[in-house]
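Written out below as structure tokens is the structure these notes cover.
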Amino acid sequence: MPKIAFTPALRRFLAAPAMEVEGATVGEALAAAFAVQPALRGYVLDDQGALRRHVALYVNGRPVSDRKGLGDSVGARDRIYVFQALSGG
Amino acid sequence: MAERFHVGTRKGLFEFARRGGAWEIVDVQFLGDPVSAILAEANGSLYAALDLGHFGAKLWRRDRAGDWGELAAPAFPPKPPKPPEPNSADEDPHSWSLGQIWVIETGGVPGRLWAGTIPGGLFCSHDGGASWALNDALWRMPERRQWMGVAGEQPGINSVLIDPRDPADVRLGVSTGGLWASGDAGLSWRLINRGMVNEYMPPERREDPITQDIHRLARCAAHPEILWCQHHNGVFRSEDGGANWGEVTAIRPSKFGFAVAAHPRDPLTAWFVPAIKDEKRIPVDGKLVVARTRDGGKSFEVLSEGLPQRHAYDLVWRHALAVDESGQTLVFGSTSGGLWISENSGDSWRMAEARLPPIAAVRFPEA
């Protein structure tokens, strides 16, 4: 199963533990993580389900291409990392 | 007189209380996080809206026991698919994702709250903020798509006025989109403002109600038909709940600004913090002053005692000036982090803090 981990910056607001999740796409993997921690969704995705403008999501060290549809595929050995992008001062 | 107020800044929420004869910071929360709106209800609940740079708009509540907890933030429903033709009239120019909670107000009914947001959605809660629903009637009005942006390209609801005599009477100030009124608690809406002028618009649209750039509305609580408006182009006053407006041309030293506070009982008294319009947005001659009228806008006093009168470039945002229920205590905070308090209706001021983070909102608890 893909592994998903979240920036420690989120710990100030809520629990966001790393986990192994079911899913063949980034969107499915995120949905599985949000099933464990529902409040996390609003921190990562906007109201329309796209990655927030200042949130970055990498798979195996590379940024995903589909930030709106979250359709990038992920495999059983892939590592997903969610972290903050540049956002002013 | 108020014993407490809250200050929302770019880097946290500060609570001030009167200690002996002085005002002191007695609590700090969300240090490092932008606070965009505050509401302290009469029942003891305190709400703080956060505008997290990375993780979006959030809403927290401190209950009467003093415990903070995060609430579900207002959220927009799924946006309908784009129409096939580019530039179609059906295409919504505004985002359907919450950008910022700009104002939170008590709804006048137990549990009811209203939240005005950027990009212009009005949200209502019936359970003290635990859950929120977009006001569909306003959001689906075709005219709403004519609202213009203030924060980037997105418009915002900066003022939500609830008639103290009738909680179903709700009036909204929109930047930029005029004054919207509902007499049925939000089931239907009308654009009601007449008499305002927006000089930056093309000549044929300057008096169009929907183009009016309302920076902030304030209402006299004891005379709810009296409204004051700090508009992009000047100061306006209404004696019929915001339907008809007359420009208050006596405002000085300048007519541009963001904030307005209305006296809670005297319908003729209001306060403003003028600045040079509009690309510069700094106090006239580097002197920070408050303009007060006590005759309904016929004349103004320029109040400067205790305020910096040289090289002061403080701007006071639309939610950063407040008056308490006595009409005696006022507080305002600036983009430079200065915070000033008056306890004699503005005659003189004392700097409570000089170096807070940039201040977005100051607020006394609801009476």
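All of these numbers come straight from a predicted model, not from anything done at the bench. Here is the naming used below: chain letters follow the sequence lines, and residue numbers restart at 1 for every chain. Values below: all heavy atoms of this structure, side chains included; hydrogens, waters and symmetry mates excluded.
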**Prompt:** What part of B:A73 is in contact with chain A, defined as an atom under 4.5 angstrom from a non-hydrogen atom: side chain, backbone, both or neither?
**Reply:** neither

**Request:** Please look at B:P34 and chain A and tell me whether the side chain, the backbone, both or neither of the residue comes under 4.5 angstrom of a heavy atom of that chain.
**Result:** neither

**Asked** Using non-hydrogen atoms and a limit below 4.5 Å, what part of residues 43-52 of chain A faces chain B?
**Response** A:Y43, A:D46, A:D47, A:Q48, A:R52

**Message:** Would you say NZ of B:K280 has more than 12 non-hydrogen atoms from neighbouring residues, nucleotides or ligands within 6.0 angstrom?
**Reply:** no

**Message:** Are there over 12 heavy-atom neighbours, none belonging to A:E22, within less than 6.0 Å of that residue's CD?
**Reply:** no

**Request:** Under 4.5 Å, heavy atom to heavy atom: which of residues 93-101 of chain B reach chain A? Give them by number, or say none.
**Result:** B:W96, B:S97, B:L98

I need the [X] [atom1] to [Y] [atom2] distance, nearest 0.5 Å.
X     : Y     : atom1 : atom2 : result
B:H54 : A:Q84 : NE2   : CD    : 5.0 Å
A:F13 : B:F30 : CZ    : CZ    : 9.0 Å
A:H54 : B:L52 : NE2   : CG    : 11.5 Å

**Item:** B:F55 side chain reached by A:L14 side chain, heavy atoms, under 4.5 Å
**Value:** no

